[in-house]
Structure formats: C-alpha cells, structure tokens
Amino acid sequence: MTSSLHRGRPRRPGPHISVRVAHAVLGCAIGLVWLVLPGMTSGDGAPVAIKEPASAPSSVAAAAEEEDETSPADLVLPLVAVAAVGAVAGYGYVRRVRRARSRTTPGGSGGPPPPGSAPPLTALDGRARAALVEADDRIRAARAELDYAEPLFGSHPVAPLRRTVQEAGTELAAAFRMRRRYDEGTPAEDAARAHALAGIVGRCEETTRRLDSVDDALARLRGPDDGPGAALGVAEGRFRELTGLVAGSETVLAGLRTRYAPTATASVIGNVEQAKDRLLFATVRLNEARQAADTGRAGTAAAHLRAAEAAVAQAAVLLGGVGRLAALLEAAERTVPAALTGAEAELSAARADEAAMGPGAPHALLRHADVVLASVRQELTAGRPCDPVGMLRRIVRATEPFAPGRAGVLPAAALIVARTSTGAAADFVETHRGAVGAAARTGLAEAERLLATNDPIDRRAADDLALEALELAEQDVRTHGNPGPAPEGTADGIGAAGAVLGGIVPPGTTADGPPADPPPGKA
C-alpha cells in the first residue's frame, strides 16, 4: 500500500527544468549564429562590382562608413533575443518550483488530505474518548440486565454470559489503562500516540462485540414468542423491595447527618431523593410496559421494561451507597484512636533514626506530622461532629513518608479511606453516566485497579485518583446541566430529567420509547 505521505508528495520538477534549459541554450545558439553570420559573409574577400574605377577609394570609404553605422543594430537585436529567451526560461522555472512547493496533492493545491490518509491526532483522541464512554455504558447496562435475567432463566444458563461480560470488562480495563498512560504522556511521539489511540478504539470495539454476543444469547433465552410478563413480574418485585427500603435509608441518612460533620456525608446527601426520582420514573415505565404488553405491542413493552429495570437498578445503587457509607464511617470512627497511636509510634521510630543519622530533610516532615496528629486528637476530644474518614486520611498521609507499606493499623486505615472515596466515585458515575465523560471514568478505572491489587502502597494513589475522578464527574454534570422537564401534564415529565442524566434514556425520549424525531434542520 502506498503511504499517504508518498501520495501527497509533489512530482519532481526535473524533466520540466531540463526543457526550460534546452530552450535557453537554443536561444543562445540562435543569438550567436546571428552575431557570427555577418562576419562570415562580409569578411571572405569576395570582389565588389565598381561602376567607376576612378572613384574606388571614396566608394570603399563610404562602404566602410555605412558598415560602421549599421553594426550596432546588428549586435543589439541578437542580444535582446537571447535575453528574452533566458527570461522566459527563468520565469517558467521559478513558477514551476513555486507551484511544486505549494502543492499538497498530485492534482491540486491545498484542500483536505486524500482519502485513506491518517486522521489527525485530535480526531483520533475524540474517537477514543467516545468509544470508552460507549463501551463503559454497555458494560454497566449488561451487568444490570444479567441481574434481572438470572431470576428468570436460572444461574446455569446465565453463568457463561457473566463470564463473557467479565471478559469484555477485562478488555475495557485494558483500554482504560492505555488511556491513563496516554494522558500521562506515554508514548511521547505523535506516531506512537496515534497507534495507542487506535489500540484503545480497537479494545473498545472488541468489548462491544462481546457484549453484542451477550445480547444475542439473552434474546435466544427469551424466545421469539415469549411476552414480557415474567420479566415484568421480576422488575415489579424488585421495585416494591426498593420502595420499602426508602424510608429506612432516610432514617440512616438523617442519623449520619446528626452524628458526623457535613464533609463526612457530602457524597450521599442527595441519594435518597434521587432514588425516589428513579423509582417514580420506574413506576411510569412499568405501567406503560404492562399496558403495551396487554395490547400486543411487544416492542414498546420491552423498551419501557428495559428503562424501568435500569431506573430500579440505579435506585438500588443510590440507596446502597447510604448504607455502605454508614458502615465505613463507623469503621473509621473505631479506627481513628488506634491509627493515632500507631502513627505516634511510627514517628517515635523515625525520630530515633533521625538522631542516629543526624538532622536533615525528615525533620520538617516530622514536625508537620506532629502538627497533623495534634489537630486530629484535638478534634477527636472536642465532642463535636467530626469526619472520621477525613481524620484517617490526614493521619495516613502525614505518616506515609515514615511507614510506607508496613503492616498494622495504618494500612488498614488507608484501606478504609480508599474504599470510601472509590465507592463514592463509582456510585456517582453509575447514576450520572449520561453526563460523565471519559476522563472521570478513566481515573475511576485506575483507582479501582489499584485498590484491587490489595497492596498497601497503592492505596494512597487509589484514594487520590478516586477523589479526582469524583471531582471531574461532578464538573461534567455541572457542565452538562439539567436536561429540563418534559412538557407539563405528560407522563414523560415524571423522573425524566434524572433518567436522562443517569443515561437510562437518551434526551428527547417520548412515551413510546425511542427518541423523538428531530425537527427539520436539527438532525
């Protein structure tokens, strides 16, 4: 295959230059002939006819005078001809060179690159980001769908589908890892970076290919003639179960807000209200699915059912986040006193080492750690609502230079901190994926990878990445804005904004399921 660089290279001007040079040489030769020819015809000694011999000397003088008067003109004309030919040849050469330098395609000047040439790096970057978001959404939707399929078909036929989804998740995790390295500047060369982006897109395509096979297998399990009645029953049962958990979650959240500082509960402060919103949306969709099934509109019933299942699944994530945070805050509260004791022991050992080695840079770190521990102890004994996870984070980070990766209470404290931030980021991305972009998802994927290594050294990095991912995701949602309610009085207005933000339905979805057709000129 011919490289695009060779296809876009201008043709060599060599043959055209030789033609111009030949023209110039020919012109010079003609000029020289013109100059030499008069001398060759008049200087050969041929006799000249004389009518009056007596007047020969005067006639010869007159002839010589006439020859002297006409010779300058004979010289000027050939020189002008030579100059003209040279000028024409030079002009043609310069014009040819300029046209060759400015030409970007074999048949024209400027314009877009020829078809088949490599796309710009920015275009590949955008394509890779979009592919990551799409594949991540597909993975999340597939996992939720299998949770509904298992009660219908049993664990045995669903187990291979779960393995396929897990394999697809491995492909996607590799793509996120490649994206993380790309964002860090590796590789550095443009050609290698383009290759990396193409690899990310390829892994995302492999992810979606595997998920397509899962969709096909689920369609075969359901059968072409099976109605949505059984699936509706499963979804309605889970809906009723979650509806019964809302009141309990409200009580738990109210207790957390009373017991702990606002920073401790900030990540779940709106979870219960958002869960109610998703459940309201699910109520409407389940009713519409039931009505569509009763009237024989199987396709419409299935679309409403899938939307209801996704809304119920997100409500479960939101309510589950409240309970998980409550457990982590309690664990952190129990761990803070032991973490303080362990941190002070590590600092004492570090001081002993410093005394043996002499004062140096660790002295400033020790003083900083002392200040942090004193501040945490003061907050702990003040009797006011506090943030135990935040306390553990400060303890772990202050003592990290002196106790990296050691066993004991400090690594356990770091694990609580990392699990809290990673869980909060994961829940937010899951329930706001209609607005969250590739950067936040990439950071979250890397945080989850580091946390899964179970290496104490990776826990600080996992915490940092999860906090960064949560901040980026919240920024994406603020930039995206509220999609706005549907027209007043329509069923779509109930929970529709939250469903769009959660990626459950695309913007413009109507009561019949698919997005509304855009108005003319808006496609």
Side-chain angles (χ1 to χ4, degrees), residues 137-162 164-165 208 211-245 275-319 430-431 433-434 486 490-496 498-500 502-517:
D137 284 346
R138 288 285 306 274
I139 283 280
R140 296 174 185 276
R143 288 168 179 165
E145 192 169 2
L146 290 181
D147 289 341
Y148 286 99
E150 190 164 351
L152 285 173
F153 309 116
S155 58
H156 182 69
V158 173
L161 304 185
R162 288 195 182 276
T164 303
V165 173
T208 57
L211 295 177
D212 287 341
S213 68
V214 173
D215 291 343
D216 294 341
L218 285 173
R220 290 192 296 270
L221 285 176
R222 294 187 181 102
D225 299 327
D226 291 347
L232 269 171
V234 173
E236 289 169 344
R238 190 160 296 180
F239 168 82
R240 289 190 293 268
E241 178 184 351
L242 283 175
T243 302
L245 295 177
K276 290 180 180 179
D277 185 73
R278 300 295 196 277
L279 291 174
L280 283 174
F281 177 83
T283 301
V284 175
R285 293 295 175 170
L286 287 171
N287 289 336
E288 291 172 341
R290 181 67 70 182
Q291 293 172 7
D294 293 342
T295 56
R297 293 177 292 143
T300 301
H304 288 311
L305 177 59
R306 297 293 173 266
E309 289 174 344
V312 171
Q314 289 195 7
V317 171
L318 291 163
L319 296 180
E430 176 67 36
T431 55
R433 64 176 186 254
T490 63
D492 294 330
I494 302 177
V500 171
I504 297 171
V505 294
T509 300
T510 65
D512 291 330
D517 293 332

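All heavy atoms count here, side chains included; hydrogens, waters and symmetry mates do not.
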>> A side-chain contact here means heavy atoms from C-beta on lying under 4.5 Å apart; do Arg238 and Pro151 qualify?
In response: yes

> How many angstroms lie between atom CG of Leu232 and atom CZ of Phe239, to the nearest 0.5 angstrom?
Replying inline: 12.5 Å

>> Under 4.0 Å between a side-chain nitrogen and a carboxylate oxygen: does that hold for Glu145 and Arg306?
In response: yes

>> Within this structure, what is the CG-CG distance for the pair Asp137 and Leu211, rounded to the nearest 0.5 Å?
In response: 11.0 Å

>> Please find the pair of heavy atoms, one from Tyr148 and one from Glu309, that lie closest to each other, and give the distance.
In response: OH-O, 2.9 Å

> Looking only at heavy atoms, what is the nearest atom pair of Ala282 and Ala311, with distance?
Replying inline: CB-CB, 4.1 Å

> Does the Arg278 side chain pair with the main chain of Leu318, one donor and one acceptor, at a distance under 3.5 Å?
Replying inline: no

>> Between Ile494 and Thr283, does the side-chain contact (heavy atoms from CB on, under 4.5 Å) criterion hold? Intermediate values first, please.
In response: CA-CA 9 Å; Ile494 302 177; Thr283 301; over 6 Å; no

> If you measure from OG1 on Thr208 to CD1 on Ile139, what distance do you get to the nearest 0.5 Å?
Replying inline: 9.5 Å

>> For a quick test of reading the model, state the closest non-hydrogen atom pair linking Leu221 to Phe153 and the distance between them.
In response: O-CE2, 3.6 Å

> What are the two closest heavy atoms between Ile504 and Ala307, and how far apart are they?
Replying inline: CG2-O, 3.5 Å

> How far does OG1 of Thr300 sit from CD of Gln291, to the nearest 0.5 angstrom?
Replying inline: 11.5 Å

>> Determine whether Arg162 and Asp147 satisfy the following criterion, side-chain contact (heavy atoms from CB on, under 4.5 Å), listing intermediate values before the conclusion.
In response: CA-CA 10 Å; Arg162 288 195 182 276; Asp147 289 341; 3.1 Å; yes

> Quick one: CZ on Arg285 to CG on Leu280, what's the gap to the nearest 0.5 Å?
Replying inline: 13.0 Å

> Within a strict 4.5 Å, meaning less than it, do heavy atoms of the Arg433 and Gln314 side chains meet?
Replying inline: yes

> Val214 and Arg138: side-chain contact (heavy atoms from CB on, under 4.5 Å), yes or no, with the steps?
Replying inline: CA-CA 11 Å; Val214 173; Arg138 288 285 306 274; over 6 Å; no

>> If I compare all heavy atoms of Asp277 with all of Gly498, which pair ends up nearest, and what's the gap?
In response: OD2-CA, 3.5 Å

> Rounded to the nearest 0.5 Å, how far apart are OG1 of Thr243 and CG of Leu279?
Replying inline: 5.0 Å

